[in-house]
2 protein chains.
Amino acid sequence: MEGGLKIGGVKRRITIHDVAAAAGVSISTASKALNNNGRMGDETRERVKRVASDIGFRPNALARGLLSKRSFTIGLLTNDTYGRFTLPVMAGVSEALVDHGVSVFLCAIEDDPALGQIHVDAMLDKQVDGIIATGKRLDRRLPVDLSNLPVPVVYAFTEGTPDSVTFRSDDAHGAQLAVEWLRQIGRHRIVHITGPRDFFSVHERADAYCQAAGGADPVMYGVWSESWGHEAIAEIWNRPGEKPDALFCGNDQIARGAVDALRERGIKVPDDVSVVGFDNWEIVAAQTRPPLTTVDMELKELGRQAGLTVLALAEGRPVEPGVRKLPCRLVVRQSCGGDSPRE
Amino acid sequence: MEGGLKIGGVKRRITIHDVAAAAGVSISTASKALNNNGRMGDETRERVKRVASDIGFRPNALARGLLSKRSFTIGLLTNDTYGRFTLPVMAGVSEALVDHGVSVFLCAIEDDPALGQIHVDAMLDKQVDGIIATGKRLDRRLPVDLSNLPVPVVYAFTEGTPDSVTFRSDDAHGAQLAVEWLRQIGRHRIVHITGPRDFFSVHERADAYCQAAGGADPVMYGVWSESWGHEAIAEIWNRPGEKPDALFCGNDQIARGAVDALRERGIKVPDDVSVVGFDNWEIVAAQTRPPLTTVDMELKELGRQAGLTVLALAEGRPVEPGVRKLPCRLVVRQSCGGDSPRE
DNA sequence: TTGTCGTGAGAAAACCTTTTACCAAGAAAT
DNA sequence: ATTTCTTGGTAAAAGGTTTTCTCACGACAA
């Protein structure tokens, strides 16, 4: 009843046997015809293909994988609960691999090593061709050892072994984009409000900010939340001294908190202060008033490249190990003022 | 080089042959020992198991699946781009099925029928044991026909065929929870600000609201965004007449917009007005000031049940078709006032 | 006529596991 | 002593596909 009717007896998937019988050839000839190898007459090949298509034959990937040792399946392991990073990455991976007939197992393992091990084992049992390990922090490993697996592993946004290939966004580049944009539109006193000190990417962004902005103001470290954005604004405006005319925030949530706090103080964004965020998390950036100009880490592209790389490794093609930093992109909305510089 | 070293020659996975050889028994004996069937001496069985564990044998799921016609794999199809609904559902599915050795293919198909068909075909080729179709709207079908598949399909948060089993949250119950809570804490003039009229769940919630609240005020329909929350507050407070002392919002984003708008008007939440949201989307609800009391749809539990159901169907166990409405849960934060009624 | 070659296609092995059928040997029953 | 039953285990088939090997047959050259 569920899942399709049985028509005239037992429900059975169509196999290459059926194709062979219908086309009046042997199984091996059918196989060769469909895979365009072996030798046979053009007429035979065409007939087999036509018959196969007519009766709706689709090869059993399990059987094929058993022999070829390729399952056309890869695993995506993540500890990112909210999907903030994982989902765009997954979208990219999936988009890149669907053309190659590869599907993706998604496993969310929180931070539980046991669960992680179970999922890795399950993937291995299912003969995945490769694994992409992704996380929410560059400098944290997944809670499971991926170093001696019989399949290739590539890392995205999480720390891998030195001889592996890791994809990450170029945080320094992102910070540079943000600061340069702010200067181009005429801002000079730029403050950087960011996340916790112990994040690697926080350092990279802060360093790039200092270099690009001339290091006028010290960086303000805090947490990744809106409320920290609020507090930071309170701190700045409650202390004596010149106020900034621009903020570069470590993520969109902080930026949103800051924008809200500024509005509550009667300070106009973008007229009095320009604000740039980081992440381009649509749900936050686009709903802020005014919508945030922010740095996009191009996670989908990152996923696409990670997908193609793990595929290359699975197919035995050589891949240079190391860290690949992908450039960021500035998404201009309204939190900085005119959408062209020097307006 | 990538993916583990080849130690002493060709890298090869350990098969049951290796176990049999190492234990000095035949392949079939080894298989039976490991699967606890067949007859043999306890000593033999234990020895085989020990050897298998020692050399790290794990059965090849492809080979097993080829014979048993079970791949221990299910597909999760979704058109929810942001993962707002999908991710919690997926977490529930995964959690329920990992104990049964079942892994989950996640496929995001946007609203592209061709892409959907490709992914469904790929899943079928990989012999998934079943498919869970999930979406973001109860009354919208996925853009792909799932009605005559050779595997069972269950639906979550999207419309299925009449004879299938569909899981959804009980929107009426959620609305009832919200309104009852507001009345319990002494609120009487409750306004319902919600999403577009053409959502099925909007109707269910609105109807339940009217019934529970006595239908004093008309329902305000709009869109699912913060800005609509703002607008609605402006509309209410700009028009003459008594103001509400409570808002029941159709989702957390609307609620957040409303709370922000109230604050900007100098109206205190929760002192002057209590606000209840819907969805318990942590990222919005917890970051609102004050944090939102909101209705949780128990998506993870929904996912778990959907997972167990598709598993049951895959194993041929009978399952009653129809729609299952899962109860909601009120998550009390600070947007309504004291965390106990009648305080 | 015989030998060689090329062409088209089928047979069989391989991939790995599970399951069914079967066998040999010893124990118990007649 | 012969039959029957139980025990501990093996051999083989099945599942669907790909690939390698082999074969038959007709054409062509010697």
Side-chain angles (χ1 to χ4, degrees), chain A residues 10-49 51-52 55-73 101 122 124-129 150, chain B residues 10-49 51-52 55-73 101 122 124-129 150:
Chain A
V10 180
K11 178 72 170 288
R12 199 175 52 76
R13 280 194 161 93
I14 320 174
T15 78
I16 201 169
H17 288 85
D18 303 317
V19 177
V25 295
S26 73
I27 298 168
S28 36
T29 302
S31 171
K32 285 184 296 188
L34 296 173
N35 295 295
N36 280 327
N37 51 20
R39 286 181 329 217
M40 73 192 59
D42 286 351
E43 190 276 335
T44 310
R45 197 181 292 277
E46 285 313 314
R47 178 163 44 90
V48 172
K49 283 185 177 176
V51 168
I55 65 177
F57 166 72
R58 299 196 57 105
N60 181 331
L62 260 47
R64 170 181 275 170
L66 188 56
L67 193 54
S68 70
K69 312 230 177 243
R70 292 265 332 258
S71 64
F72 291 90
T73 292
L124 259 25
D125 292 350
K126 285 173 182 138
Q127 314 288 114
V128 292
D129 298 334
Chain B
V10 180
K11 178 73 168 287
R12 200 174 51 77
R13 278 195 162 92
I14 314 173
T15 78
I16 202 171
H17 288 84
D18 304 317
V19 177
V25 294
S26 74
I27 297 167
S28 37
T29 303
S31 173
K32 285 186 298 188
L34 296 172
N35 294 295
N36 281 326
N37 49 21
R39 286 181 327 217
M40 73 191 62
D42 287 350
E43 191 275 334
T44 309
R45 197 180 291 276
E46 285 312 314
R47 178 163 44 92
V48 173
K49 283 184 176 176
V51 167
I55 65 177
F57 167 72
R58 302 197 54 106
N60 181 330
L62 261 47
R64 169 180 276 168
L66 188 56
L67 195 54
S68 69
K69 309 223 178 254
R70 290 267 329 259
S71 64
F72 291 90
T73 290
L124 258 25
D125 292 350
K126 284 172 182 138
Q127 314 287 115
V128 291
D129 298 334

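As the structure is a computational prediction, the values presented were derived from the model and not from experiment. Here is how names work: the chains are called A, B, and so on, in the same order as the sequence lines, proteins then strands, and each is numbered from 1.
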Closest-nucleotide mapping onto DNA chain C: is B:Lys32 or A:Thr44 further toward the 5' terminus? I mean the 5' end.
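This one resolves to A:Thr44.
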To the closest 0.5 Å, what do you measure between [atom1] ([X]) and [atom2] ([Y])?
X        : Y       : atom1 : atom2 : answer
B:Lys49  : B:Glu46 : NZ    : CD    : 5.5 Å
B:Thr73  : B:Leu62 : OG1   : CG    : 9.0 Å
B:Phe57  : B:His17 : CZ    : NE2   : 10.0 Å
B:Thr44  : B:Arg39 : OG1   : CZ    : 13.0 Å
B:Leu124 : A:Asn60 : CG    : CG    : 10.5 Å
B:Asn37  : B:Arg45 : CG    : CZ    : 7.0 Å

Strictly under 4.0 angstrom, non-hydrogen atoms only: write out the protein contact profile of nucleotides 24-29 of chain C, one letter per nucleotide from the 5' end, B, S or -.
------
Integer-rounded Å distance: [N] [atom2] and [X] [atom1]:
X       : N      : atom1 : atom2 : answer
A:Ile27 : C:dA12 : CD1   : C1'   : 11 Å
B:Arg39 : C:dC23 : CZ    : P     : 14 Å
B:Asn37 : C:dT17 : CG    : C1'   : 12 Å
A:Arg45 : C:dA9  : CZ    : C1'   : 12 Å
B:Met40 : C:dT19 : CE    : C1'   : 12 Å

Could you check whether any side-chain heavy atom of A:Val25 comes within less than 4.5 Å of a side-chain heavy atom of A:Met40, counting everything from C-beta outward?
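SC-SC contact between A:Val25 and A:Met40 ruled out.
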Hey, are the side chains of B:Arg13 and B:Asp18 touching, using non-hydrogen atoms and a 4.5 Å cut-off?
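Contact flag for B:Arg13/B:Asp18 side chains = no.
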Please list, by residue number, the residues of residues 14-25 of chain B whose heavy atoms come closer than 4.0 Å to an atom of DNA chain D; answer none if no residue qualifies.
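The stretch gives B:Val25 as the residues lying under 4.0 Å from the strand, ordered by number.
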Contacts of type side-chain contact (heavy atoms from CB on, under 4.5 Å), residue A:Arg64, not counting sequence neighbours:
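With neighbours one apart ignored, the set is A:Asn35, A:Pro59, A:Ser68.
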Would you work out how much the helix from C:dT1-D:dA30 to C:dT30-D:dA1 bends between its ends, with each end axis defined by five base pairs, to 10 degrees?
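The angle separating the two end axes equals 80°.
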Taking the nucleotide of DNA chain D with the nearest heavy atom to each, does A:Arg58 or B:Ala30 sit closer to the 5' end?
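The residue mapped nearer the 5' terminus is B:Ala30.
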Does B:Asn60 put a side-chain nitrogen or oxygen below 4.0 Å from OP1 or OP2 of C:dT17?
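B:Asn60 to C:dT17 OP1/OP2: no side-chain N or O under 4.0 Å.
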For chain A, the stretch of DNA chain D it reaches, first to last nucleotide, under 4.0 Å of its heavy atoms
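Going 5' to 3' along DNA chain D, contacts run D:dG16 to D:dT19.
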Main-chain N/O of A:Phe72 paired to B:Lys126 side chain as donor or acceptor, under 3.5 Å
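Yes, B:Lys126 side chain to A:Phe72 backbone: donor-acceptor pair under 3.5 Å.
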Check DNA chain C against residues 61-71 of chain A and give the residues with a non-hydrogen atom under 4.0 Å, in numerical order.
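When residues 61-71 of chain A is checked for heavy atoms under 4.0 Å from DNA chain C, the hits, listed by number, are A:Leu66, A:Leu67, A:Lys69.
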Check [X] against [Y] and note the closest heavy-atom contact, atom names and distance.
X       : Y        : result
A:Ser71 : A:Val128 : OG-CA, 3.5 Å
A:Ala63 : B:Leu66  : CB-CD1, 3.7 Å
A:Gly56 : A:Ile14  : O-CD1, 3.6 Å
B:Ala52 : B:Val19  : CB-CG1, 3.9 Å

Just wondering, are more than 12 heavy atoms of other shown residues or ligands nearer than 6.0 Å to CG in A:Asp42?
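It does not: A:Asp42 CG has 12 such atoms or fewer within range.
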